[in-house]
Amino acid sequence: MALRSGWLQPTGQTRVTTRLTDVGATTPTGPLTSRSGILPGSPEGTYRVGGFSLNSSGPMTANLGRGRAVLQGPGGQGAYPVCLDADMPLAFGDGDPLNPRIDLVVLRVYDAEFDGQTRSEAAVEVVPGQPKAVPEPPTVSGTSLTLFQVRVPAAASAGNGGIPWASALTDLRTTLVGVGGILPVYNNATVPGSYPGQYQDNNNARQLQRWDGTAWVPYPKDVGGIAPSGAISVGSYTGQYRDSSGVLQRWNGTAFVNYQPPVEVETIATGTTAAANWSVTYFYARRTRGIATVNVNVTRTGADITAPASGNITDETVCSLPTGWRTIVNLETSASDGVGAGSAALLSTGEVILRTWTPNGVLTSTRPIRITATYVL
């Protein structure tokens, strides 16, 4: 087990340490500085922050879980990547006989090059507070990141009940991500952004927020999302959308009006196949919202067909409609050549079949037959 820090010790950084501390995460706060914080994430994505968790292991002891973090040093020292690669046991001193106190669990970096001390390493420390009737957390200086606040009751000890861990812990961990990433808020919702256009996911407010240079602005109200019902009454720009009690509305510059989606229209003028003894002289089809209208003209190229007095002719296939434009079920429609008229069947397999014609009328090459139908696709 080791608490590792990258690019800190004058010598001895191992390849394992380099890999573990190569976190690639800095949320900038200036040209040469970044936030200090914990890298987010947990097994199976259950929690926002799983690193450096603190769990009791006894009345006055706890284990600090594995994790990775970045600690920003003062001024131009730079940011220190840190990794705890195994759980670390921590012990807390017995409580004062009369008053409670507040201890801090702190992640700290010592750098002899800058702080004048003789050590260059990362450390986890329990910083005890002063016992008081109304205790306050101790002041922490240097390159450090406070992880937890632990309230130690008066007279607490291993033989006297110890620390009530369920109520004594206050989680003070904060998060950071690489520049350009969406920051998952964790105890840092009110920390100012670093640049206009930075985003954070504020889980408490249930909002994706954008830093506009002065404040965190909920994304749907400002940048193009759909504002939730009741959130806004006046739009910020033409084309902004809102949910109005289940109805999508668009700001037209002066008012929110119910949104009407554009009508999608598809047309086709090719793809119809003529049957034997027939030619296709014209074809055009149009469909929108699941409704199709088909117009096809065919001309007889074989011998004339004379209808009997009953008008019932032998089924005569004249053409086939293209795939994608065929009826779902067989249906009947009308046909006419300007002199005679009859009925035609449109089959789901695509065939167009003449079935009746004007009694004693003639299907001849001198008159094209027009067939029109409208149907649901």
Side-chain angles (χ1 to χ4, degrees), residues 1-9 12-29 33-58 61-73 77-92 103-111 119-127 137 140 142-150 163 165-166 168-179 181-189 191 200-201 203-204:
M1 178 193 74
L3 180 64
R4 307 170 187 265
S5 58
W7 310 113
L8 172 61
Q9 296 176 339
Q13 177 165 318
T14 67
R15 287 173 292 179
V16 172
T17 296
T18 300
R19 289 193 298 270
L20 288 174
T21 60
D22 185 18
V23 295
T26 55
T27 302
T29 57
T33 57
S34 72
R35 289 191 188 186
S36 295
I38 306 298
L39 270 69
S42 63
E44 300 180 356
T46 306
Y47 306 104
R48 293 199 155 210
V49 178
F52 293 101
S53 59
L54 190 65
N55 297 289
S56 66
S57 58
T61 59
N63 286 328
L64 185 67
R66 300 175 298 170
R68 295 189 293 176
V70 174
L71 278 70
Q72 173 63 45
Q77 284 184 221
Y80 296 84
V82 172
C83 172
L84 180 61
D85 64 5
D87 293 354
M88 175 179 286
L90 301 177
F92 294 80
D103 293 353
L104 298 179
V105 178
V106 175
L107 192 60
R108 190 192 299 274
V109 167
Y110 294 93
D111 189 345
R119 53 195 297 201
S120 292
E121 61 182 0
V124 174
E125 299 175 348
V126 175
V127 181
V140 179
T143 303
S144 60
L145 177 65
T146 301
L147 304 177
F148 291 93
Q149 179 177 291
V150 181
I163 298 171
W165 291 105
L169 277 182
T170 300
D171 189 348
L172 300 179
R173 293 172 295 173
T174 56
T175 49
L176 84 164
V177 292
V179 60
I182 297 176
L183 178 72
V185 166
Y186 197 85
N187 296 324
N188 52 359
V191 175
Q200 68 176 19
D201 176 21
N203 192 48
N204 294 329

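What you see is a predicted model; the values in this text were computed from it and never measured.
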What do you reckon, is CZ of R48 surrounded by more than 12 foreign heavy atoms closer than 6.0 Å?
-> yes

Passes side-chain contact (heavy atoms from CB on, under 4.5 Å), N63 versus L54? Steps please.
-> CA-CA 6 Å; N63 286 328; L54 190 65; over 6 Å; no

Specify the closest pair of heavy atoms between [X] and [Y], including all atoms of both residues, with the distance to one decimal.
X: D201; Y: I182; result: N-CG2, 3.7 Å
X: G51; Y: I38; result: O-CG2, 4.1 Å
X: A79; Y: P81; result: O-CD, 3.5 Å

So, T33 and T29: side-chain donor and acceptor under 3.5 Å apart, yes or no?
-> yes

Between Y186 and N203, is any side-chain donor less than 3.5 angstrom from a side-chain acceptor?
->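 Checked: Y186/N203 side chains show no N/O donor-acceptor pair below 3.5 Å.
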
Does [X] reach the main-chain N or O of [Y] with its side chain, forming a donor-acceptor pair under 3.5 Å?
X: W165; Y: G58; value: yes
X: N187; Y: D171; value: yes
X: Q72; Y: S34; value: yes
X: R68; Y: F52; value: no
X: S120; Y: L8; value: no

Does any part of the side chain of [Y], heavy atoms only, come nearer than 4.5 Å to the side chain of [X], both counted from C-beta?
X: V177; Y: P40; value: yes
X: Q200; Y: N188; value: no
X: S53; Y: R173; value: yes
X: I163; Y: V150; value: yes
X: V179; Y: T27; value: no
X: T175; Y: V185; value: no
X: T146; Y: V105; value: no
X: V191; Y: R35; value: yes

T143: what forms a side-chain contact (heavy atoms from CB on, under 4.5 Å) with it, not counting sequence neighbours?
-> L71, P74, Q77, Y80, V109

To the nearest 0.5 Å, tell me how far [X] [atom1] sits from [Y] [atom2].
X: L64; Y: L107; atom1: CG; atom2: CG; answer: 8.0 Å
X: R119; Y: Y110; atom1: CZ; atom2: OH; answer: 4.5 Å
X: L172; Y: F148; atom1: CG; atom2: CZ; answer: 8.0 Å

Applying side-chain contact (heavy atoms from CB on, under 4.5 Å), run through V140 and L104 and close with a yes or a no.
-> CA-CA 9 Å; V140 179; L104 298 179; 3.5 Å; yes

side-chain contact (heavy atoms from CB on, under 4.5 Å) evaluation trace for D87 with R66 | CA-CA 5 Å; D87 293 354; R66 300 175 298 170; 3.7 Å; yes

Taking NZ, NE, NH1 and NH2 as the nitrogens, is one of them in R4 or D85 under 4.0 Å from a carboxylate oxygen of the other?
-> yes

I would like to know whether S42 and T46 meet side-chain hydrogen bond (donor to acceptor under 3.5 Å, both in side chains); could you show each step before the answer?
-> CA-CA 6 Å; S42 63; T46 306; 4.9 Å; no

Show the numbers, then the answer: is there a side-chain contact (heavy atoms from CB on, under 4.5 Å) between L147 and L145?
-> CA-CA 6 Å; L147 304 177; L145 177 65; 4.1 Å; yes

